[in-house]
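Below is one structure, written out as structure tokens, with a few remarks after it.
No experiment lies behind these values; they were computed from the predicted model shown.
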Amino acid sequence: MPLNGRDIYNLIALQPGVTGRGISSSAGTSSPGNDSFAGEASPQLYASGSRTGSNNFTVDDGSSNSVARGGVTNLTPSADSVEEVRVVANNFSAENGRNSGAQIQVITKTGTNTFHGGVSYYFQNNTLSARNIFTTTVPVFRKNQFTTNLGGPIWKNHTFFHFTYEGLRQSGGAQAQVVSVETPQFRDWVLQTRPNSIAAYLLKNFGPSVYPTYNFRDLNGDGIPDLGSAVFAPDQTRNGDQFSGRIDHELRPGKDRLYANIYRTHVFTLTGGIRTAFNSGTDETTTFVNLNETHIFGPNLLNEFGGAMMRLVGIPQPPPQLGVPAISITSDTGYSSNSYPAGWFQTNFDYNDKLSWVHGKHTIKVGGELRKNNANARNTSNYIPTYSFATILTFANDQPYQMVRNVDPSTGTPVTNYSAMRVTEFALFVNDDWKVARNFTITLGLRYENYGTITDATGILRNLVLGTGSDFQTRLANAKAEMVPQFYPADNNNFAPRFGFAWDVGGKATTVVRG
């Protein structure tokens, strides 16, 4: 099927009970991420009225959920590596949990006793694109997306493999924007009247890629236009590679089956600004490793054990002009950045075990899940100071009204922010699908979920701690922000009973009532 961006999660929008476009946005960077390469993809889908943040993602029963954000997956498998996408939008059994929205389950392809493979190439450019209302021409755009896959036997009837590679080389295509920047006349006036000022240095060396063409404004009445509006299409680059491989092996034919798979994805994204000298991109790398073992005790009893690791590393490139601080000028845009140093390092481990037993009219499944989530981040703002100017005229005079910098209050020296949050979650469940009659089934289940509490490995977790007093208002008045060992008390009472039924009215499979 044709897929926008070759993103398999677009398919979910076609399912009953699901609304939304299915297009994925990239949560970690400002660029679009509707492809197989985004480190934090957020498919815009709403299942049974739940918001996007309630969706849950797994690949071969291993969690691919983001540690930092709800409804975000760190892995979008290449379409050629996927056998099936299951979406459970409602009435799901106690086996499924963690989130209350759609349970989005990806099952990957396995090799067989015969070799199968394929290659594909997708090309798109500006020839078939339309301009937006702000432009007279369509910005140059090139998108090359290519895949290859191969599967087959390593040891016939025992060991099989499946390999996939997908690449992306994309440039241009950003829609035109309207920005407010200084005019060449204002730049020349500053260079002539204040040649030794910091403003003169910045205006001379870091001008906008295009100057204003309309909406000119003279702020001080000297007849020289100081500001105006300009239309420009930012530089945009997105290059990605994804490799995946799966190995299946029959340890004991008919008794034990083992399979493992791995995904490795890298993407470089650049979304530029009006002042190209300050453009910098972001590198994101994700690694997903999964191991699954199935043991068959008999024709009506089997056990499945799985363990998975999902890791995301995102590292924005340092600002190319570290000697230039972040500058905020009312109605003038594009100077440098204060987000440095920055980076995110997220890892989650997911272990699960499920025992299935078919006994008469009952299909009983019991099991549990353990999730260990690590979220390290270097989210620093204003380590590079930010200077704010009320107007472009005070900027010309080197007269900021405010300077903001991130410092250690005890020493006054600049510092960076680093956090290392940890949380351990686990769940237990029992579920019974009881076939009361040929055309009537009841589902009974109970799930226990424990989401733990957040701690910080660096010991810098802070929270508001209520003070002394006989009532809440007094305790709040005496409260202090203090270092705390954990963010909030653990909630140990999350029991979720499940009850459902399916009734084939008349037994002819023409009308089914579910609840």
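- For the atom pair CZ of Arg217 and CD1 of Ile392, the computed distance is 9.5 Å after rounding to the nearest 0.5 Å.
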- Task: Show your reasoning for whether side-chain hydrogen bond (donor to acceptor under 3.5 Å, both in side chains) applies to Asp35 and Gln170.
- Result: CA-CA 11 Å; Asp35 50 42; Gln170 178 178 320; over 6 Å; no

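- When the options Thr282, Asn279, Asn239 are evaluated for a side chain to side chain contact (heavy atoms under 4.5 Å, CB included) with Leu270, the one that passes is Asn279.
- Using modelled atom types and a 3.5 Å distance limit, the side chains of Asn10 and Asn34 yield a donor-acceptor pair.
- Arg275 places a side-chain heavy atom less than 4.5 Å from the side chain of Tyr335.
- Under a cutoff of 6.0 Å and an axis angle of 45°, Arg371 and Phe426 do not form a cation-pi pair.
- Side-chain contact check for Arg6 and Tyr122: at least one donor-acceptor pair (N or O, by modelled atom type) lies under 3.5 Å.
- No side-chain heavy atom of Phe186 sits under 4.5 Å from any side-chain heavy atom of Asp218.
- Of the possible polar contacts, one joining the Glu449 side chain to the Arg98 backbone as a donor-acceptor pair under 3.5 Å is found.
- The neighbour count for Phe243 CZ, taken as heavy atoms of other residues, nucleotides or ligands under 6.0 Å away, is above 12.
- Atom OG of Ser78 sits about 9.0 Å away from atom NZ of Lys109, to the nearest 0.5 Å.
- Ile329 contributes atom CD1, which lies 4.0 Å from atom CZ of Phe395 (distance to the nearest 0.5 angstrom).
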- side-chain hydrogen bond (donor to acceptor under 3.5 Å, both in side chains) between Asn450 and Asn494, worked out: CA-CA 7 Å; Asn450 192 303; Asn494 295 313; over 6 Å; no

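- Side-chain contact between Val231 and Ser229 is absent, with no heavy atoms from C-beta onward closer than 4.5 Å.
- A 6.0 Å sphere centred on CZ of Arg169 holds more than 12 heavy atoms belonging to other residues, nucleotides or ligands.
- Side chain of Asn55 to main chain of Leu45: a donor-acceptor pair is present (N/O by atom type, distance under 3.5 Å, no hydrogens or angles).
- Checking side-chain atoms of Asn261 against main-chain N and O of Gly245 turns up no donor-acceptor pair under 3.5 Å.
- The backbone N or O of Pro319 sits nowhere less than 3.5 Å from a side-chain atom of Ser280 that would complete a donor-acceptor pair.
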- Message: Determine whether Tyr263 and Ser81 satisfy the following criterion, side-chain hydrogen bond (donor to acceptor under 3.5 Å, both in side chains), listing intermediate values before the conclusion.
- Response: CA-CA 10 Å; Tyr263 282 85; Ser81 70; 2.7 Å; yes

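- Remark: the Asn348 side chain and the Asn373 side chain contain no N/O donor-acceptor pair separated by less than 3.5 Å.
- A distance-only check finds a donor-acceptor pair linking the side chain of Thr73 to the backbone of Ser64 [under 3.5 Å].
- For Arg194 against Ala396, the heavy-atom pair with the smallest separation is CD-O, 3.1 Å.
- Proximity of Asn338 to Arg405: side-chain heavy atoms (C-beta onward) are nowhere separated by under 4.5 Å.
- The CD atom of Gln399 sits 14.0 Å away from the OH atom of Tyr401 when rounded to the nearest 0.5 Å.
- Looking only at atom types and distance, the side chain of Ser120 has a donor-acceptor partner in the side chain of Thr147 under 3.5 Å away.
- Taking every heavy atom of both residues into account, Pro316 and Trp344 meet most closely at CG-CZ3, 3.7 Å.
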Validation: residues 456-466 side-chain donor-acceptor distances under 3.5 Å, sequence neighbours left out:
| from | atom 1 | to | atom 2 | distance (Å) |
| --- | --- | --- | --- | --- |
| Asp456 | OD1 | Ala420 | N | 3.4 |
| Asp456 | OD1 | Thr458 | N | 2.8 |
| Asp456 | OD1 | Thr458 | OG1 | 2.4 |
| Asp456 | OD2 | Ala420 | N | 3.4 |
| Arg462 | NH1 | Ile460 | O | 3.2 |
| Asn463 | ND2 | Phe487 | O | 2.8 |

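- Taking every heavy atom of both residues into account, Ala326 and Ser337 meet most closely at CB-C, 3.8 Å.
- Under a 3.5 Å cut-off, the side chain of Gln242 and the backbone N or O of Thr76 do form a donor-acceptor pair.
- Using a cutoff of 4.0 Å between basic side-chain nitrogens and carboxylate oxygens, Asp226 and Arg187 are not scored as salt-bridged.
- Counting non-hydrogen atoms of other residues, nucleotides and ligands closer than 6.0 Å to CD1 of Ile198 gives a total of 12 or fewer.
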- Take Leu227 and Asp332 through the side-chain contact (heavy atoms from CB on, under 4.5 Å) test and state the conclusion after the steps. CA-CA 8 Å; Leu227 290 169; Asp332 195 21; 4.2 Å; yes

- Hey, mind stepping through Tyr9 and Phe57 against ring pair (Phe, Tyr, Trp, His ring centres under 6.0 Å) and telling me if it holds? CA-CA 10 Å; Tyr9 293 130; Phe57 298 86; 5.4 Å; yes

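- Looking only at side-chain heavy atoms (C-beta outward), Arg246 and Phe161 stay at 4.5 Å or farther from each other.
- For the residue pair Thr380 and Asn417, no side-chain donor N or O sits within less than 3.5 Å of a side-chain acceptor on the partner.
- A 4.5 Å side-chain heavy-atom check between Thr110 and His162 finds every atom pair outside the cut-off.
- Evaluated for a side chain to side chain contact (heavy atoms under 4.5 Å, CB included) with Val59, the options Thr108, Val82, Asn290, Asn74 yield exactly one hit, Thr108.
- Judged by distance alone, with hydrogens and angles left aside, the side-chain atoms of Asn352 form a donor-acceptor pair with the main-chain N or O of Asp61 at under 3.5 Å.
- Looking at Phe389 and Thr330, their side chains never come closer than 4.5 Å, going by heavy atoms from C-beta outward.
- No side-chain N or O of Gln124 forms a donor-acceptor pair with one of Asn144 less than 3.5 Å apart.
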- Query: Step by step, would you call Asn376 with Arg422 a side-chain hydrogen bond (donor to acceptor under 3.5 Å, both in side chains)?
  - Reply: CA-CA 9 Å; Asn376 294 9; Arg422 305 286 184 265; 2.7 Å; yes

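- The shortest distance between side-chain heavy atoms of Glu284 and Val267 falls below 4.5 Å.
- Note that the CD1 atom of Ile8 and the CD1 atom of Ile12 stand 7.5 Å from one another [nearest 0.5 Å].
- To the nearest 0.5 angstrom, Asp80 atom CG is 6.0 Å from Thr164 atom OG1.
- Of the possible polar contacts, none joining the Ser171 side chain to the Thr237 backbone as a donor-acceptor pair under 3.5 Å is found.
- Asp350 has no carboxylate O lying under 4.0 Å from a charged side-chain N of Lys372, or vice versa, which leaves the two without a salt bridge.
- A donor-acceptor contact under 3.5 angstrom links the side chains of Arg264 and Thr287, judged on distance only.
- Using the six-membered ring where Trp is involved, Tyr165 and Phe146 have ring planes that are tilted, between 30° and 60° apart.
- Side-chain atoms of Ser180 come within 3.5 Å of backbone atoms of Ser331 as a donor-acceptor pair (strictly under, hydrogens ignored).
- A perpendicular orientation is assigned to the rings of Phe206 and Tyr201, their planes being inclined by more than 60° (bins at 30° and 60°).
- Residues passing the side-chain contact (heavy atoms from CB on, under 4.5 Å) test with Thr193 are Trp189, sequence neighbours excluded.
- Judged by a 6.0 Å distance limit and a 45° cone about the ring axis, Arg238 is not positioned over the six-membered ring of Phe268.
- Panel note: side chain Asp60, backbone Gly62; no donor-acceptor pair is recorded below 3.5 Å.
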